[in-house]
Amino acid sequence: MDCQQASQLLHAYLDGELDAVHNVEIKSHLQSCRACGAAHEQMQSLRRLVDRSELAYRAPVSLRQRVRSQLHHTDSPRIVWWQQPRRLMALAAAAVVLLSVIGIIDRRWRRDTQVAVVDEVVDSHVRSLLVDHLSDVASTDRHEVKPWFNGKLDYAPVVNDLAARGFPLIGGRLDFIDHRPVAALVYGRRKHVINLFCWPTGDRGHDSTELKQSEQNGFHLVHWTQGGLQYWAVSDLNAVDLAEFARLVQETRTEPSEN
């Protein structure tokens with residue numbers, strides 16, 4: 001990690017929003033880089049200063065007494081809000097605007113979350129190739145790879161050997177995506193490596209088996225959800241072959257069972 005990357009992630013690090021891998025990387029960088037370490041200390045000092053109670057303004061006693069007296073004032077006849085049509089219409093309009101804003105925020109949050117997941121999936125794929133750590137359990141036997149995950153995850157990933165269809169199983173490993181440990185199943189296609197990540201969606205009733213294809217930094221990705229799990233396949237393999245791989249996984253998978 002260089003200084004530019006560290007500066008971009010520093011606020012998220014202070015807020016505890018980074019995943020485990022980036023958290024370790026930036027912590028190591030701060031220990032070795034005097035400039036970034038000083039910036040980190042300045043941010044921490046600023047936060048401590050802002051949190052000091054003496055910086056908060058407290059209303060004078062006289063103002064608080066006037067507010068209380070107005071709250072208890074009963075000279076005017078009381079009119080409830082539903083007896084005022086203009087106020088009712090204003091409240092209804094405000095509710096519509098609020099719901100619209102909430103919808104916009106929710107869509108943007110989902111989009112930003114999806115973008116972040118794509119980044120993590122591609123980064124994990126590249127990291128597995130760079131550090132030569134494709135598998136924690138290297139085997140072409142699904143009956144050896146699948147049981148290896150028992151006790152390591154709170155769900156059971158579906159493992160299939162697709163060697164007869166041109167996509168042999170290579171092994172499996174644990175990875176960390178979307179703030180949780182996930183299963184990474186490794187397959188091959190000629191000289192190409194395919195990482196297939198899967199983890200629970202949290203909503204089994206809204207599966208979307210439609211294959212959603214994308215590309216990032218020269219890597220092709222295919223995403224879908226099925227049986228309460230979301231799947232991400234990523235590789236430098238061409239988009240057509242990767243989509244074929246995804247369809248084979250969909251066709252041959254079996255329903256996962258909780259550990």
Assess whether a salt bridge exists between Arg190 and Asp241, defined as any Lys/Arg side-chain N lying under 4.0 Å from an Asp/Glu carboxylate O.
yes

Do [X] and [Y] touch side chain to side chain, with heavy atoms closer than 4.5 Å?
X	Y	value
Leu10	Ile26	yes
Leu248	Glu251	yes
Val182	Trp232	no
Leu229	Thr201	no
Trp224	Gln250	yes

Could you go step by step and tell me if His223 and Leu211 meet the side-chain contact (heavy atoms from CB on, under 4.5 Å) rule?
CA-CA 6 Å; His223 170 56; Leu211 299 181; over 6 Å; no

Under 3.5 Å, is there a donor-acceptor pair between the side chain of [X] and the main chain of [Y]?
X	Y	value
Asp161	Ala163	yes
Asp141	His143	yes
Arg142	Val159	yes
His179	Asp19	no
His220	Leu237	yes
Gln5	Asp2	yes
Ser32	His29	yes

Measure the spacing between [atom1] of [X] and [atom2] of [Y] and express it to the nearest 0.5 Å.
X	Y	atom1	atom2	result
Phe197	Leu221	CZ	CG	9.5 Å
Leu9	Asn23	CG	CG	10.0 Å
His22	Asp123	NE2	CG	5.5 Å
Arg173	Ser124	CZ	OG	7.0 Å
Leu169	Asn160	CG	CG	9.0 Å

Side chain to side chain contact (heavy atoms under 4.5 Å, CB included) with Ser135: which residues, sequence neighbours excluded?
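Here the qualifying residues are Ala138, Ile170, Val186.
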
Taking only residues two or more places apart in sequence, or in another chain, which ones meet Leu129 in a side chain to side chain contact (heavy atoms under 4.5 Å, CB included)?
His125, Leu134, Val193

Among all residues two or more places apart in sequence or in another chain, which pass the ring pair (Phe, Tyr, Trp, His ring centres under 6.0 Å) test with Phe245?
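For Phe245 the ring pair (Phe, Tyr, Trp, His ring centres under 6.0 Å) partners, ignoring immediate neighbours, are Phe167, Tyr187.
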
Of the non-hydrogen atoms in [X] and [Y], which two are nearest, and what is the gap between them?
X	Y	value
Tyr231	Gln226	CE1-O, 3.9 Å
Lys146	Pro157	NZ-O, 2.8 Å
Leu18	Ala12	CD2-CB, 3.7 Å
Cys36	Leu30	O-CD2, 3.4 Å
Leu242	Ala233	CD2-O, 3.9 Å

Worked check of side-chain hydrogen bond (donor to acceptor under 3.5 Å, both in side chains) between Gln230 and Asp178
CA-CA 12 Å; Gln230 61 175 305; Asp178 197 21; 4.5 Å; no

Within the supplied structure, the quantity of interest is the number of heavy atoms (other residues, nucleotides, ligands) at a distance under 6.0 Å from Glu215 CD; does it exceed 12?
yes

For Arg165, is the CZ atom crowded, meaning more than 12 foreign heavy atoms sit under 6.0 Å from it?
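No.
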
Would you tell me whether Ser128 and Asn195 have side-chain atoms, one donor and one acceptor, within less than 3.5 Å of each other?
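Ser128 vs Asn195: donor-acceptor pair found between side chains.
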
Do we see a donor-acceptor contact under 3.5 Å between the side chains of Asn238 and Arg189?
no

Run the side-chain hydrogen bond (donor to acceptor under 3.5 Å, both in side chains) test on His192 and Asp236 for me, step by step, so that the C-alpha distance in whole Å, both residues' side-chain angles and the decisive distance to 0.1 Å come before the verdict.
CA-CA 7 Å; His192 301 275; Asp236 61 351; 3.0 Å; yes

Please step through ring-ring contact (aromatic ring centres under 6.0 Å, His included) for the pair His40 and Tyr13, ending with a clear verdict.
CA-CA 10 Å; His40 177 238; Tyr13 174 68; 5.6 Å; yes

For Trp148, is the NZ or CZ atom of Lys152 found under 6.0 angstrom from the centre of its six-membered ring and inside 45 degrees of the ring axis?
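Here Lys152 passes the 6.0 Å and 45° test against Trp148.
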
Report the C-alpha separation of Thr252 and Leu162 in whole Å, then their side-chain angles, then the decisive distance to 0.1 Å, and conclude whether the side-chain contact (heavy atoms from CB on, under 4.5 Å) test is met.
CA-CA 9 Å; Thr252 57; Leu162 305 175; 3.6 Å; yes

